[in-house]
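Structure first, commentary second.
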Amino acid sequence: MTTLKNDRFLRALLREPVDTTPIWMMRQAGRYLPEYRETRSQAGDFLSLCKNTELACEVTLQPLRRYELDAAILFSDILTVPDAMGLGLYFEIGEGPKFHKTIRTEQDVANLPKLNAKSDLSYVMDAVSTIRSALSGQVPLIGFSGSPWTLATYMIEGGSSKDFRFSKEMLYRQPEVLHALLDHLADAVIDYLNAQIDAGAQAVQIFDSWGGALAHQQYIDFSLQYMQKIVSGLKREKDGRKVPVILFTKGGGQWLEPMIMTGADALGLDWTTPLNVARKTAAGRVALQGNLDPATLYGSTQEIEKAVKAMLDDAYAHGELTGYIANLGHGITQWVDPDQPKVFVDTVHEYSAKYLK
Ligand code: CP3
């Protein structure tokens, strides 16, 4: 087993001392990088890229060649899970993801196959093990999944949605059907993430991108409850090292306390949550990750530096010198100039040393 040369990301997740603040960026491999667009066209399209082990590994490593990131994230998509359940995922240029089949009735849910991640998503596991060996201990590798609620919205709507009309109709008209779907997905996600951990993922993140669209009690009952089930079902240790789990609910800043109660190691924050307030709430019980507005990267070098310094001042405002990972508050967009993330990454490392050295 190769030793990890840079483990500050894992150390910060476990609230152990670090020499400088670790940083990675959600969606760090993607269309803002010309080399990504080049590799994608070589693969043919996005899904073929996800299914091609060598090329998925290549795009995972691309952002690490440009920036001094402290973690790599598996190149894949959250929607591989419903695809493996037979919904037929496809992408239409400029329209985002779509499914050939939707899930709208009790019968649709009952007909969903039980996922066997190791065989049904073997291309993801091959990507994880290939990336892990290609990294040869440079930085840790993050695995991921969508949350049951977030996956369910795509399966019910048949694609992306702004108002979640059919998902919310199911929630209020047939809550037991939605619960059956979410429970089925929670079991699938446990199997999927444990398979990624077996294949070499050293931390995992659950993307609850649409939890913030729910009302308070509905968030607890229909999103958080199932993430809780996942946290309880995950392997939390591999090869003598802890495998930390990060929960990221976009728009979830008001639910930090119930999220902490799930037993997750860390919470991801979007840019609407004041970091110093969240650190006070966390009170050393979980690490926090985030939360620069991704649009900050449209700004000048000076503006990015200013925003990053303010974020770090906030993160360390109460004198707690670990348990913090810098990141964006959501994924990087395709319109970012690839020179700008370097300012973000380097400022995090340089300025945080002021607190940590
Ligand atoms: O972070 C990384 O670099 C790893 C790769 C990754 C992708 N998707 C690649 C991708 C990760 C972690 C995801 C997660 C994902 N996928 C989420 C949760 C995170 C979030 O942003 O809230 C969601 C909701 C999806 C579903 C999805 N996939 C959508 C809505 C889209 C289209 C919109 C968009 O941004 O393009 C995708 C496609 C997708 N997934 C792309 C990439 C790089 C772009 C596809 C392309 O290359 O044309």
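In each ligand, atom 1 is the first atom listed, and ligand 1 is the first ligand listed. We use all heavy atoms of the structure for the numbers below, so side chains are in, but hydrogens, waters and symmetry mates are not.
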> Are any of the side-chain nitrogens in Glu35 or Arg65 under 4.0 Å away from the carboxylate oxygens of its partner?
Replying inline: no

Practice task
Say whether Thr150 and ligand 1 are in contact under the criterion: heavy-atom distance to a ligand atom below 4.0 Å.
Solution key: no

Give a yes/no on ligand 1: does His330 have at least one heavy atom closer than 4.0 angstrom to it? yes

Residues at least two apart in sequence or cross-chain that pass side-chain hydrogen bond (donor to acceptor under 3.5 Å, both in side chains) with Lys98, listed by chain then number, are Glu95

Of all protein heavy atoms, the one nearest atom 4 (C) of ligand 1 is Leu74 O, 3.4 Å

Q.
Geometry only, no angles: is Ser209 polar-contacting ligand 1 at N/O separations under 3.5 Å?
A. yes

* Asked: Measuring from the heavy atoms of Pro97, does anything fall under 4.0 Å of ligand 1?
  -> yes

Heavy atoms, side chains only, cut-off 4.5 Å: are Gln254 and His216 in contact?
no

Among non-hydrogen protein atoms, atom 41 (C) of ligand 1 lies closest to Phe46 CE1, 3.7 Å

(request) Kindly assign one of parallel, tilted or perpendicular to the pair Phe248 and His330, based on the angle between their ring planes and the thresholds 30° and 60°. (result) tilted

Nearest non-hydrogen protein atom to atom 46 (C) of ligand 1, with distance, is Arg40 NH1, 3.0 Å

Please determine whether a side-chain nitrogen of the Lys or Arg among Lys235 and Asp198 lies less than 4.0 Å from a carboxylate oxygen of the Asp or Glu. yes

request  = Using distance alone, determine whether Trp24 and ligand 1 share an N or O pair under 3.5 Å.
outcome  = no

When distances are taken from atom 38 (C) of ligand 1, the protein heavy atom at minimum range is Phe91 CE2, 3.4 Å

Quick look: Ser76 vs ligand 1, heavy-atom contacts under 4.0 Å, and the answer is backbone

Exactly one of Ile260, Asp265, Asp208, Thr262 clears side-chain contact (heavy atoms from CB on, under 4.5 Å) with Leu247, and that residue is Thr262

In this structure, atom 14 (C) of ligand 1 is nearest to the protein heavy atom Ile78 CG2, 3.7 Å

Closest heavy-atom approach to atom 1 (O) of ligand 1 among Arg27, Met26, Met25, Gln334 is made by Arg27

Q.
Check this for me - ligand 1, Ser160, N or O atoms closer than 3.5 angstrom, yes or no?
A. no

Count I, L, V, M, F, W, Y as connected when their side-chain heavy atoms are under 4.5 Å apart, and connections chain through other members. Are Met261 and Leu234 then in the same cluster?
no

SB check Lys101 Asp108 (cutoff 4.0 Å): no

- [ ] Could you tell me whether Asp19 and Arg8 have a side-chain N and a carboxylate O separated by less than 4.0 Å?
- [x] yes

Does any N or O atom in Ala29 lie less than 3.5 angstrom from one in ligand 1, N or O only? yes

among protein heavy atoms, the one nearest atom 36 (O) of ligand 1 is Arg31 NH2, 2.3 Å

Handout entry: Check ion pair Arg285-Glu257 (N to O, under 4.0 angstrom)
Key = yes

If we number the atoms of ligand 1 from 1 as shown, the ones under 4.0 Å from a heavy atom of Phe207 are 12 (C), 18 (C), 19 (C)

Is ligand 1 less than 4.0 angstrom away from at least one heavy atom of Phe248?
-> no

| query | Under 4.5 Å between any side-chain heavy atoms of Pro338 and Tyr67, yes or no? | reply | yes

If we number the atoms of ligand 1 from 1 as shown, the ones under 4.0 Å from a heavy atom of Phe144 are 11 (C), 12 (C)

The complete set of salt bridge (charged side-chain N to carboxylate O under 4.0 Å, His left out) pairs with one or both residues in residues 274-283, sequence neighbours excluded, reads Arg279-Glu320

| said: Considering both backbone and side-chain atoms of Trp210, is one of its nitrogen or oxygen atoms within less than 3.5 Å of a nitrogen or oxygen in ligand 1? | reply: no

Open item on the list: Check contact between Gly146 and ligand 1, using heavy atoms of the residue and a distance below 4.0 angstrom.
Closed with: no

the protein heavy atom lying closest to atom 47 (O) of ligand 1 turns out to be Tyr36 OH, 2.5 Å

What about Val277 and Trp271, same hydrophobic cluster or not, with Ile/Leu/Val/Met/Phe/Trp/Tyr joined at side-chain heavy-atom distances under 4.5 Å?
no

When distances are taken from atom 28 (N) of ligand 1, the protein heavy atom at minimum range is Asp77 OD1, 2.7 Å

